[in-house]
Amino acid sequence: MSDSLSVAHSPEEKRHSSDGQSRFGLIYAGLMAVMLLASLDQTIVSTALPTVVGELHGVTDMAWVTTAYILAATVVMPVYGRLGDLLGRKNLYIGGIIVFLAGSAIAGSAQDMAMLIIGRAVQGLGGGGLMITSQAIVADLVPPRQRAKYMAPIGVIFALASVVGPLLGGWFTDSIGWRWCFWINLPVGLLALAVCAVALHLPRKALKATIDYIGITLMTAAVACTVLVADWGGTDYAWSDPLILGLAVAGVGSWILFIYSQSRVAEPIIPLRLFRSPIFDIATLIGMIVIGVGMFAVLSYMPTYLQMVYGATAAQSGWLLLPMVVGLMGASLPVGQRMSRTGRYKIYPIAGSLVIAVTSLMLSTLDVDTPLTLLCGYLFLMGVGIGLMSQTLVLAVQNAFPAADVGTATAANNFFREIGATVGTAAVGAVFTSRLTDQLSARLSSSDLKTVGDTDSLTPALVHALPAHVQDAVVAAYQHALTPVFGYLVPLFLVGVVLAVVLPEKRLAGGDSHRPDGEAPGRAPGGPETNAG
């Protein structure tokens with residue numbers, strides 16, 4: 001036997017092996033297409049929002065178009081992961097696609113903001129599950145060592161969607177209409193649905209399971225409060241506002257009650273036994289503080305920096321982030337191949353954390369005269385660092401648990417990474433906003449501040465329409481407010497390096513207990529159908 005596939009000798013065996021590989025390729029393409037759609041919908045509306053809220057008369061509700069999707073997607077991640085382990089993933093995955101497509105249809109046909117926000121929430125209920133279940137299905141079909149080369153493109157999909165989403169949303173808005181940000185999901189999603197319904201075979205599991213409704217409710221409350229505090233604090237409301245303080249208290253209380261509830265129920269959404277694994281604990285922490293904060297801090301603030309300081313258009317700022325995607329792809333794909341050959345993974349989180357720390361230090365040295373090519377080089381290095389570790393950490397977590405817990409562990413890892421990204425991005429934003437206010441006050445006279453107007457409403461177009469001396473001062477203030485924040489993150493990333501050094505390494509298993517042929521164990525070729533679940 002090889003590490004991945006049985007050696008076929010007879011013509012019949014060779015034919016079966018070839019058919020299996022073709023079927024797996026078809027399934028994998030379907031999984032990737034669905035993951036791309038679910039990932040794109042986190043960012044695709046960002047550039048379309050000004051047009052959308054103008055047409056639907058809902059400027060005051062604009063933030064909810066994005067928040068509704070992220071909130072719903074984050075909440076359902078652990079639910080899909082746990083139910084997939086208990087009930088089987090095929091029907092759950094198909095259901096997730098249907099929910100996602102239904103949300104897309106609602107959002108695409110929205111006649112008011114309420115309908116659009118509902119559609120986005122329904123999309124999130126499907127999309128969050130699709131991102132988790134796709135990774136768990138790959139784990140069902142492929143042994144850990146060979147899984148590395150199939151998981152690597154998933155990290156590329158996430159990064160690519162973060163960059164391409166705003167570009168695609170802007171193009172749809174300017175050409176065929178913003179509603180195509182949602183309509184485009186229907187033909188691609190239906191095709192992927194048909195492929196998975198026909199070709200995907202996974203083991204049937206329990207016909208029913210005890211669902212932890214109390215845990216789901218408490219987790220929903222905890223995540224909702226956390227996301228809303230992170231999104232609203234310091235922007236829509238002051239940090240001292242009673243609403244923010246109330247949400248913070250409610251969030252802490254909900255988290256405490258949720259953790260307590262998970263120790264009391266038979267089938268918890270996030271079993272506390274996961275935390276007995278040092279691999280899970282350390283890999284999840286690294287993902288939260290390095291990937292969650294590092295990647296999203298750059299993706300959140302670099303486009304506006306490029307527009308403010310370099311005068312790039314919105315579309316150009318999106319294209320200028322592509323070096324990061326190229327770096328991520330150039331690192332993650334070879335790393336996946338290497339891990340498949342050796343079964344070793346520990347060196348990559350160490351190297352990735354170091355590269356991200358060094359690159360963040362480089363970004364902190366940017367000034368208004370830094371050549372654009374050098375900045376693109378820094379973004380490329382950031383992509384390399386993320387590519388070295390993003391899916392490597394997920395793979396390490398999957399490899400630390402038996403097949404019965406793979407979906408739960410994958411979902412929990414992604415869930416906490418999403419929480420880290422939300423909180424980390426909010427923290428970076430709070431520091432940046434405070435620094436920007438101080439910089440503007442120091443660089444502009446009172447009359448110039450009146451010319452600038454509300455600093456919370458600064459846009460690149462508004463800045464570049466200001467008188468030359470005011471414009472130069474605002475650009476310098478923006479640059480001096482943001483770039484040091486990258487330096488503040490370096491100690492956090494060095495903590496990630498230390499965690500990566502102490503991360504235990506459990507060598508990736510080979511064997512052929514799973515085969516990348518479109519079928520998971522549970523059905524012998526020509527045997528009875530036992531895997532319809």
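Start at 1 with the first residue, then count along the sequence.
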Side-chain donor-acceptor contact under 3.5 Å, S134 with Y93: yes
Interatomic distance, CG@L186 vs CG@L37, rounded to 0.5 Å, equals 9.5 Å
- Task: Determine yes or no for a side-chain-to-main-chain donor-acceptor pair under 3.5 angstrom, with K506 supplying the side chain and A396 the backbone.
- Result: no
Evaluate the side-chain contact (heavy atoms from CB on, under 4.5 Å) criterion for residues L328 and V384: first the C-alpha distance (whole Å), next the side-chain angles of each, then the deciding distance (0.1 Å), finally the verdict.
CA-CA 5 Å; L328 192 151; V384 169; over 6 Å; no
After noting the C-alpha distance and the side-chain angles of L395 and Y345, does the key distance pass the side-chain contact (heavy atoms from CB on, under 4.5 Å) rule? CA-CA 9 Å; L395 189 61; Y345 59 77; 5.9 Å; no
Sub-4.5 Å side-chain heavy-atom contact between R344 and E505: yes
- Message: For L354, I'd like to know if atom CG has over 12 heavy atoms of other residues, nucleotides or ligands within 6.0 Å.
- Response: yes
dist T133:OG1 -> M77:CE (nearest 0.5 Å) comes out at 10.0 Å
**Prompt:** Is any side-chain heavy atom of I356 less than 4.5 Å from a side-chain heavy atom of M389?
**Reply:** yes
- prompt: Passes side chain to side chain donor-acceptor pair (under 3.5 Å), T410 versus Q135? Steps please.
  reply: CA-CA 8 Å; T410 302; Q135 297 177 72; over 6 Å; no
When every non-hydrogen atom of Q123 is compared with those of S104, the smallest separation belongs to NE2-OG, 2.9 Å
Under the 3.5 angstrom rule, does the side chain of Y80 hit a backbone N or O of I132 as a donor-acceptor pair? no
Side-chain touch I270/T408, heavy atoms, less than 4.5 angstrom: no
Can you find a pair of side-chain heavy atoms, one from W239 and one from L245, that are under 4.5 Å apart?
no
One should read off an interatomic distance between Y213 OH and T220 OG1, to the nearest 0.5 angstrom, of 13.0 Å
query = Would you call R276 and D281 a salt bridge, taking side-chain N to carboxylate O under 4.0 Å as the test?
reply = no
Heavy-atom closest pair (P268 atom, Q262 atom, distance to 0.1 Å) is CB-OE1, 3.1 Å
Original post:
Could you go step by step and tell me if Y488 and R435 meet the side-chain contact (heavy atoms from CB on, under 4.5 Å) rule?
Top reply: CA-CA 13 Å; Y488 300 160; R435 288 184 54 83; 3.0 Å; yes
Residues G407 and D85: closest non-hydrogen pair is N-OD1, 3.0 Å
Heavy-atom closest pair (L285 atom, L499 atom, distance to 0.1 Å) is CB-CD1, 4.0 Å
Query raised in the report: What's the verdict on side-chain contact (heavy atoms from CB on, under 4.5 Å) for V52 and V65, showing C-alpha distance, side-chain angles and the deciding distance?
Result: CA-CA 10 Å; V52 173; V65 179; 5.6 Å; no
**Prompt:** Taking side chain as C-beta onward, heavy atoms only, is L361 less than 4.5 Å from F486?
**Reply:** no
Value for CE (M302) from CG (L379), rounded to nearest 0.5 Å, stands at 5.5 Å
**Study point:** Side chain to side chain, D41 and F182, heavy atoms closer than 4.5 Å
**Key:** yes
In this structure, CG of L83 is separated from CD1 of I211 (nearest 0.5 Å) by 5.5 Å
Are the side chain of Y348 and the backbone of M339 linked by a donor-acceptor contact shorter than 3.5 Å? no
Between F401 and S277, the two heavy atoms sitting closest are CZ-CB, 3.7 Å
Query raised in the report: So do the side chains of S364 and P484 get within less than 4.5 Å of each other, counting heavy atoms only?
Result: no
Here the pair of heavy atoms bringing G30 nearest to A192 is O-CB, 3.8 Å
Exercise. For the pair R179 (side chain) and G108 (backbone), establish whether a donor and an acceptor sit closer than 3.5 Å, ignoring hydrogens and angles.
Key: yes
To the nearest 0.5 Å, atom CD1 of I269 lies from atom CD1 of I216 at 4.0 Å
inquiry  = Quick check against the 3.5 Å criterion: does S390 have a side-chain atom that pairs as donor or acceptor with the backbone of G387?
reply    = no
Task: Donor-acceptor contact below 3.5 Å, side chain K346 vs main chain V501 - done: yes
Side chain proximity check, V355 to M382, heavy atoms < 4.5 angstrom: no
Any carboxylate oxygen within less than 4.0 angstrom of a Lys/Arg side-chain nitrogen, looking at R82 and D212? no
Between S109 and W183, a side-chain donor and acceptor under 3.5 Å: no
